[in-house]
Structures are given as structure tokens and as C-alpha cells.
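Data first, discussion second: the structure below is written as C-alpha cells.
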Number of protein chains: 2
Amino acid sequence: MLRAVDKHSGIPAYLQIMNIIKKEIMIGNLKEQDQLPPVRELQKTFNVNVNTVMRALERLQMEGILEAQHGVGYFIKESKMIKPEVIEILEKSVKELKEAGIDLNTTILILEEVWRNVK
Amino acid sequence: MLRAVDKHSGIPAYLQIMNIIKKEIMIGNLKEQDQLPPVRELQKTFNVNVNTVMRALERLQMEGILEAQHGVGYFIKESKMIKPEVIEILEKSVKELKEAGIDLNTTILILEEVWRNVK
DNA sequence: TTTTGTGTTATAGTTAATTAGTACACTAAT
DNA sequence: ATTAGTGTACTAATTAACTATAACACAAAA
């Protein structure tokens, strides 16, 4: 479910962690009021320092996504799960793109460009 | 065509520059043997220091995408343009996603997840 | 040969991200 | 009251990214 961070991607670890957690919420693996694993466990899972975990969680708090309870744990505060239709739209495209031999990075670059141009 | 870098995204500027140039190549705005604008101009366009431009261009050289000619300029060495069909696949999805009220960041997060799961 | 336009290199300083290590603070169960 | 499990805070040090500034090196045209 939760995976380690990629330390060679150039993307700051705390950003990656934020995104991983957001993703888990969006696909429904984490729902409102669910408790996160303890920070000392997250630290091992993501393979980073506690402070880095804290930075990620603090920012997710600021975004209203998490809530901290001192001495207890971190909880999902706001969770808007993505509709299955949305996943399906992407699944269809991804299949076609993979068949065309396109890789993920290329797809993201083109996607950003297309996003800007489509009305 | 070329846009300034987003200094608040958390993504290192040199990575953003690399991606912008790759994107221009993929959509066909830059073709093999085309010359890039001079580094002192790129510096202004991207709103960064020369050294940061250099770092991006050096790495693109290492990836075999650019070639430097001292005293002359930077040239596109390898350019594989994306097929229009691929763009169309994404355009169709993007339209649907926008209509569903999904934003770009969310799309990218879900896309990465879907990419991992689709065979 | 000089000038202009280009890439290249180097130094010094700043800031952000990350780590290690330690200690403290709150909560709930015993 | 104690303990175990949790979050929180702080200091010190390291590294990567970035900036400003300046100088140097090569190529082509005047």
C-alpha cells in the first residue's frame, strides 16, 4: 500500500509523501476518520527521517486533509474519493498509450501540454 | 513557446527546464538540428541564473538530446516527435476529465496509480 | 586583427531539504 | 502512578539547488 520514496527523482521527499497519501485517499484506501500509521512507522516505510515525515504531515494538515491528535495519532479529516468513472477514463487511455509504446514520463509531459491547450 | 519556471512548485528549476525542452521536442516545436536560443536569452526566459540553465542543458546533453558547439550554440541532436494519435488519445481524456471537474494535479496522481495497475 | 555573439568555468554566498540524535508532551491502558 | 504508544520540538550538521558576478574560450563576421 504505502511505498518508499524515490530519493533519486529530484522531487523533495516530503512532496512525494504528501502525494502518496493524497493518492491513497483518492483511490479510497484511506477514508475519513481513518488513522494513519504512527510517524515512527511511516518513517521506516518511506525510508526518511521523522522530521521529513513531519513536514509532509504538517503540510497536509494545513491543506485540511489531515488532523493531528497529540499523543494519539494522525487522522484523515477530509477525503474526497475519486469517482470510478474517472479511473475508467484513465485506464482506457493508459492501455492505448502503453500499446503505443509510450512511457509514463512522456505521458505526463504531453498531458500537461494538452491540459493547457484543451478548453 | 518557452515559459518561465515555477519557483514555488518545489520541483528543481533545472528539472523543469529539462522537461520544458523535452516537451517542445515531443510536440514538434523543436526538431533535429534546430538551434536553441542562446543561454543568456534562456536565462531570461526561464527567469533563472546561467548556471541553472547550464545544469539543465548539460544533463540534456548527457541524455543525448542536445549537443553543444562551443562559441556557436546548442542544437537538438535527437528528436522523436510524438504521433498525433497519442495527442488525440490524451485530448479526449482531458476533455472528459475537465468536464468531470478534475484538476491537473489530481489527474497526474491518479494516472501514476493507474499506470502501475494496468497491464 | 578586432568585434560580436556564443558557450564555459569559477568563486562565494544563500536557502531549502534532509539527516541524526535527543528530549519533551500528551493519551490511554494497566 | 506508571508505562507504552503516540505526536512534537530543538539543535547541529550536511548536501543540493540556486544566485550573483566575473572572467575566460571559441567561432564567425567585419
Side-chain angles (χ1 to χ4, degrees), chain A residues 2-22 24 30 32-78, chain B residues 2-22 24 30 32-78:
Chain A
L2 295 179
R3 294 171 311 283
V5 141
D6 177 1
K7 299 201 173 180
H8 302 292
S9 69
I11 314 293
Y14 76 94
L15 279 182
Q16 294 186 51
I17 294 173
M18 289 176 68
N19 283 335
I20 290 173
I21 293 176
K22 283 180 180 176
E24 292 299 315
L30 289 172
E32 226 160 297
Q33 298 187 341
D34 277 358
Q35 182 171 4
L36 285 189
V39 293
R40 287 171 184 80
E41 195 176 319
L42 291 177
Q43 173 184 186
K44 290 174 199 160
T45 306
F46 293 129
N47 191 29
V48 296
N49 190 269
V50 205
N51 306 309
T52 305
V53 172
M54 284 298 292
R55 178 178 297 196
L57 299 187
E58 275 165 11
R59 302 220 177 187
L60 288 172
Q61 269 190 94
M62 292 192 291
E63 292 186 10
I65 293 174
L66 293 184
E67 198 165 37
Q69 281 189 44
H70 195 172
V72 184
Y74 275 92
F75 296 85
I76 311 292
K77 187 178 175 189
E78 170 203 308
Chain B
L2 295 180
R3 293 172 313 283
V5 142
D6 177 1
K7 299 202 175 182
H8 303 293
S9 68
I11 314 293
Y14 76 94
L15 279 182
Q16 293 186 50
I17 294 173
M18 289 176 67
N19 282 336
I20 290 173
I21 293 177
K22 283 180 179 175
E24 291 299 315
L30 289 171
E32 227 160 296
Q33 298 187 341
D34 278 357
Q35 181 171 4
L36 285 189
V39 293
R40 287 170 185 80
E41 197 176 317
L42 291 177
Q43 173 182 185
K44 290 174 199 158
T45 306
F46 293 128
N47 191 30
V48 295
N49 190 268
V50 205
N51 305 310
T52 305
V53 172
M54 284 299 290
R55 176 180 299 197
L57 300 187
E58 275 165 11
R59 302 221 175 185
L60 288 173
Q61 268 190 95
M62 292 192 291
E63 292 186 10
I65 293 174
L66 293 184
E67 199 165 37
Q69 280 189 43
H70 195 174
V72 184
Y74 275 92
F75 297 85
I76 311 292
K77 187 178 175 188
E78 170 202 308

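Heavy-atom basis, side chains included; hydrogens, waters and symmetry copies ignored. Numbered from 1 within each chain, the chains take letters A, B, ... in sequence-line order.
Rounded to whole angstrom, the span from the CD atom of Q35(B) across to the P atom of dA27(D) amounts to 14 Å. Across the protein-nucleic acid pair, F46(B) atom CZ and dC18(D) atom P stand 13 Å apart, rounded to whole Å. Put simply, CG on L15(A) is 11 Å from C1' on dA16(C), counting in whole angstrom units. Rounded to whole Å, the distance from CG on N51(A) to C1' on dT22(C) is 11 Å. Note: CG (L36(B)) to P (dG7(C)) measures 9 Å, nearest angstrom. Distance L42(A) CG to dT19(C) P: 14 Å, rounded to the nearest Å. To the nearest angstrom, C1' of dC18(D) lies 13 Å from CZ of R59(B). Straight-line distance from the NZ atom of K44(B) to the C1' atom of dT19(D): 17 Å, rounded to whole Å.
Closest to the side chain of P12(B), out of dT6(D), dA17(D), dT18(C), is dA17(D). Distance from the side chain of M54(A) is smallest to dT8(D) among dT27(C), dC18(D), dT8(D). For Y74(B), whose side chain is taken as the heavy atoms from C-beta onward, the closest listed nucleotide among dG7(C), dT19(C), dA17(C) is dG7(C). Side-chain proximity of Y14(B) to dC26(C), dA27(D), dA17(D): nearest is dA17(D). Between dT8(C), dT6(D), dT19(C), one nucleotide has an atom nearer to the side chain of V50(B) than all others, and that is dT8(C). Among the nucleotides dA17(C), dG7(C), dT8(D), the one closest to any side-chain atom of R55(A) is dA17(C). If you check dT19(C), dA25(D), dT8(D) against the side chain of K7(A), the one that comes closest is dT19(C). The nucleotide whose nearest atom lies closest to any side-chain atom of A13(B) is, among dG7(D), dG7(C), dC18(D), dC18(D). You'll find that the side chain of N49(B) is closest to dT21(D), out of dT21(D), dT6(D), dT6(C).
One distance of note links CG of L57(B) with CG of L42(B); it measures 6.5 Å at 0.5 Å rounding. One distance of note links CD of Q33(B) with CD1 of I76(B); it measures 10.5 Å at 0.5 Å rounding. A distance of 9.0 Å separates CG of L2(B) from CD of E41(B), quoted to the nearest 0.5 Å.
Put simply, the side chain of R40(A) and the base of dG5(D) share no donor and acceptor less than 3.5 Å apart.
Between Y74(A) and Q61(A) the shortest side-chain heavy-atom distance falls below 4.5 Å.
In this structure, the side chain of K7(B) engages the main chain of N47(B) through a donor-acceptor pair within 3.5 Å.
When the nearest nucleotides of DNA chain C are assigned to E41(B) and Q69(A) by heavy-atom distance, the more 5′-ward of the two goes with E41(B).
Taking 4.0 angstrom as the limit, T52(B) places a side-chain polar atom (N or O) nearer than this to OP1 or OP2 of dT19(D).
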